[in-house]
Amino acid sequence: MNMNLDLQDYLDQCAEREFAWGEFDCCLFVANWILRRTGVDLARDFKGHYKTELGAKRRLKALGFDGIESVFKARLKPVLNSYARRGDLALVNYDGQLVGGIVGLNCVYCVTQSGTTALDLSMVYSCYSLESANV
């Protein structure tokens, strides 16, 4: 399926979902997009292993990471923010912390405690290539 249409279909499917740690949070929103596009589940060692923010942080540490930025850096290829394309992945400054996101057309899609939302691209901290996720 065309990537743009597939992204819109994915966002439509996510629109009604409620935030839930370990099921539908900012990072699993991104990881499930990667899985959908590449067939590679980069979050297989995270899914089902936490149900709270504290549990997510403990899981990160148990796997040798000190935050979500270290996971993104270890598992994805960075790209300059200005070269990120629709469907690429992003870390976004939101509410005082980094959250995972998917680059859209003039926005970045994220999952927050209030659900799926589109944020301004000026909030993007760093970007990563979707294409590199299958290597």
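These numbers come from the heavy atoms of this one structure, side chains and all, not from hydrogens, waters or symmetry mates. Computed from a predicted structure; not experimentally measured.
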Ion pair R85/E131, N-O distance below 4.0 Å:
yes
Linking I/L/V/M/F/W/Y whenever their side-chain heavy atoms sit closer than 4.5 Å, directly or via other members, would V71 and V111 fall into one cluster?
yes
Is there a side chain to side chain donor-acceptor pair (under 3.5 Å) between Q8 and N4? Walk through the geometry before answering.
CA-CA 6 Å; Q8 187 58 54; N4 294 333; over 6 Å; no
Going by atom types only, do D9 and Q13 share a side-chain donor-acceptor pair under 3.5 Å?
yes
State, with a plain yes or no, whether a side-chain heavy atom of L98 is found less than 4.5 Å away from one of N93.
yes
Kindly assign one of parallel, tilted or perpendicular to the pair F24 and F29, based on the angle between their ring planes and the thresholds 30° and 60°.
perpendicular
Quick one: does R58's side chain get under 4.5 Å of E53's, heavy atoms only?
no
Heavy-atom donor-acceptor pair, D120 side chain to M123 backbone, under 3.5 Å:
no
Examine L35 and M3 and state if one hydrophobic cluster contains both, with Ile, Leu, Val, Met, Phe, Trp and Tyr joined whenever side-chain heavy atoms are less than 4.5 Å apart.
no
Is there a donor-acceptor contact under 3.5 Å from the side chain of D88 to the main chain of L130?
yes
For F72, does its backbone N or O pair with a side-chain atom of R75 as donor and acceptor, under 3.5 Å?
no
Could you check whether any side-chain heavy atom of I68 comes within less than 4.5 Å of a side-chain heavy atom of L91, counting everything from C-beta outward?
yes
Heavy-atom closest contact (W33 atom, Y10 atom, distance):
N-OH, 3.5 Å
Can you confirm whether more than 12 heavy atoms, excluding those of R36, are under 6.0 Å from its CZ atom?
yes
Beyond-backbone contact of L76 with L89, side-chain heavy atoms, under 4.5 angstrom:
yes
Side chains of L119 and C107 in contact at under 4.5 Å (non-hydrogen atoms)
no
Do K61 and D66 sit within salt-bridge range, that is, some charged N less than 4.0 Å from a carboxylate O?
no
D45/R59 salt bridge by N-O under 4.0 Å criterion:
no
List the steps and the verdict of side-chain contact (heavy atoms from CB on, under 4.5 Å) for E23 and E18.
CA-CA 9 Å; E23 294 178 26; E18 292 184 21; over 6 Å; no
Under 4.5 Å between side-chain heavy atoms, hopping through other hydrophobics if needed: is there a path connecting L42 to L60?
yes
With sequence neighbours excluded, what pairs up with T116 under the side chain to side chain donor-acceptor pair (under 3.5 Å) test?
none
Side chain to side chain, F19 and T112, heavy atoms closer than 4.5 Å
no
Take atom NZ in K73; do more than 12 heavy atoms of anything else shown fall under 6.0 Å from it?
no
Is any side-chain heavy atom of N81 less than 4.5 Å from a side-chain heavy atom of Y125?
no
Starting at CG of D6, measure out to CZ of R37 and round the result to the nearest 0.5 Å.
4.5 Å
With heavy-atom distances below 4.5 Å as the criterion, would you say the side chains of K57 and Y50 are in contact?
no
